[in-house]
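These notes are about the structure you will find just below.
Heavy atoms only: backbone and side chains are in, while hydrogens, waters and symmetry mates are out. Whatever order the structure lists ligands and atoms in, that order sets their numbers, starting from 1.
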Amino acid sequence: MIHKAKKSLGQNFLKSKGVLLAMCKAGDLFKSDVVLEIGPGKGVLTEYLLRSVNKVIAIEKDHNLCEILFEKFQKEITSGHLVLIKGDILEFDPSVYDLKSGEYKVVANIPYNITGAIFKKFLTEDTQPSTMVLLVQKEVAERIVARDGKESILSVSVKAYGTPKYITKVSKKFFSPAPKVDSAIVQITSISKKNFASPLAPLRGTREGKIQEKWFFQIVKAGFAHKRKVLIRNLDAVVEKKKIKEFFEKNNINEKVRAEDISIKEWLALAKELE
Ligand code: SAM
């Protein structure tokens, strides 16, 4: 069956064996691992994943591609090696497929138009993966790891849940059709909610030294709200200026500092102490 790539579904298919191998390597895959693949497309990455692990769950939104995949992987589907789901990843509930928090990995060449939604879903999800290896736009990968030394809401949000690493650049020429921009493989390991208190805890006030997720993001968003303002001025929209100054003094942070210069460790301390 001939398939014409759909732009609306971010269909840029991989055609480089080297990139497929690099993604599997970044996943640090063991036979016993369970891998969730977002958007298997025509199944090129799926094939490599199936060679590496005993169970792959792949979810594809495109009806035509699903037909191609059902035919291509008939044997693997029958044996249970591959679970192929026709559906939307953003509506996917991992627990329905018996996936448990910290007990599966996500490895995927994702549709770029839903990159943010995919990160949000899998990092804040109750049933989080332990590791994610994603092929994303190069600029997004660079921003996640703060390659230029400047943090952003995106980098702080990802680092609050796991440890991101920039693996390698992937030129646009390795895709068909070629996208407009280059890509990069980004790996996020040690994903957990260890920094955050249970959502049932009160909004203000910590539990066992942990921070309310909602409060953390409230303070991070306030901190980055106005790019030109220094952090203290941005934060005084949500916290008393006196308290912020005391925190800065105690932690040897310069009063002129901007949100982009604050490390994840300092953001966590800031949220904990100002709660
Ligand atoms: N994995 C294939 C590859 O590397 O060649 C295809 C990658 S392509 C960038 C993204 C894939 O995600 C496409 O097959 C597309 O149909 C699928 N897709 C787009 N939106 C989706 C969604 N919301 N849920 C699941 N799959 C989706």
Could you tell me, atom by atom, which parts of ligand 1 come under 4.0 Å of a heavy atom of [X]?
{"X": "I59", "answer": "25 (C), 26 (N)"}
{"X": "D88", "answer": "22 (C), 23 (N), 24 (N)"}
{"X": "G10", "answer": "8 (S), 9 (C), 10 (C)"}
{"X": "F13", "answer": "5 (O), 6 (C)"}
{"X": "G87", "answer": "24 (N), 25 (C)"}
{"X": "V44", "answer": "3 (C), 5 (O)"}
{"X": "E37", "answer": "1 (N)"}
{"X": "Q11", "answer": "13 (C), 15 (C), 16 (O)"}

Looking only at protein heavy atoms, identify the closest one to [atom] and say how far it is in Å.
{"atom": "atom 18 (N) of ligand 1", "value": "P111 CG, 3.8 Å"}
{"atom": "atom 5 (O) of ligand 1", "value": "L14 N, 2.9 Å"}
{"atom": "atom 12 (O) of ligand 1", "value": "G39 CA, 3.2 Å"}
{"atom": "atom 26 (N) of ligand 1", "value": "K61 N, 3.4 Å"}
{"atom": "atom 16 (O) of ligand 1", "value": "E60 OE2, 2.6 Å"}
{"atom": "atom 2 (C) of ligand 1", "value": "P40 O, 3.4 Å"}
{"atom": "atom 19 (C) of ligand 1", "value": "L9 O, 3.1 Å"}
{"atom": "atom 3 (C) of ligand 1", "value": "N109 ND2, 3.4 Å"}

Margin query: Run the side chain to side chain donor-acceptor pair (under 3.5 Å) test on D62 and Q11 for me, step by step, so that the C-alpha distance in whole Å, both residues' side-chain angles and the decisive distance to 0.1 Å come before the verdict.
Written below: CA-CA 10 Å; D62 187 298; Q11 292 179 353; 3.0 Å; yes
Does ligand 1 have any atom sitting under 4.0 Å from a heavy atom of [X]?
{"X": "N12", "answer": "yes"}
{"X": "A108", "answer": "no"}
{"X": "L135", "answer": "no"}

Margin query: Check K250 with E246, please: is the shortest side-chain N to carboxylate O separation under 4.0 Å?
Written below: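 Not counted as a salt bridge, because no side-chain N and carboxylate O are separated by less than 4.0 Å.
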Note to self: Is there a side-chain contact (heavy atoms from CB on, under 4.5 Å) between F13 and N109? Walk through the geometry before answering.
What the structure shows: CA-CA 8 Å; F13 302 105; N109 171 19; over 6 Å; no
Enclosure of [X] [atom1] (heavy-atom neighbours >12, cutoff 6.0 Å):
{"X": "K245", "atom1": "NZ", "result": "no"}
{"X": "K31", "atom1": "NZ", "result": "yes"}
{"X": "K86", "atom1": "NZ", "result": "yes"}

Next item on the list: Step by step, work out the side-chain contact (heavy atoms from CB on, under 4.5 Å) result for I244 and L231.
Entry: CA-CA 10 Å; I244 314 170; L231 181 59; over 6 Å; no
Item checked: Test applied, side-chain contact (heavy atoms from CB on, under 4.5 Å); reference residue, M132; option that passes from L123, V107, V186 ->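 Going through L123, V107, V186 one by one, the side-chain contact (heavy atoms from CB on, under 4.5 Å) with M132 is satisfied by L123 alone.
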Notebook entry, point to check: Where does L65 meet ligand 1, judged by heavy-atom distances below 4.0 Å: at the side chain, the backbone, both, or neither?
Noted result: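 Looking at L65 and ligand 1, just side chain atoms fall under 4.0 Å.
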Check: Run the side-chain contact (heavy atoms from CB on, under 4.5 Å) check on D182 and K172 step by step: do they pass?
Finding: CA-CA 5 Å; D182 287 325; K172 53 184 176 236; 3.5 Å; yes
Check: With only distance considered, is I114 within less than 3.5 Å of ligand 1 through an N or O on each side?
Finding: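 No, I114 has no N/O under 3.5 Å of an N/O on ligand 1.
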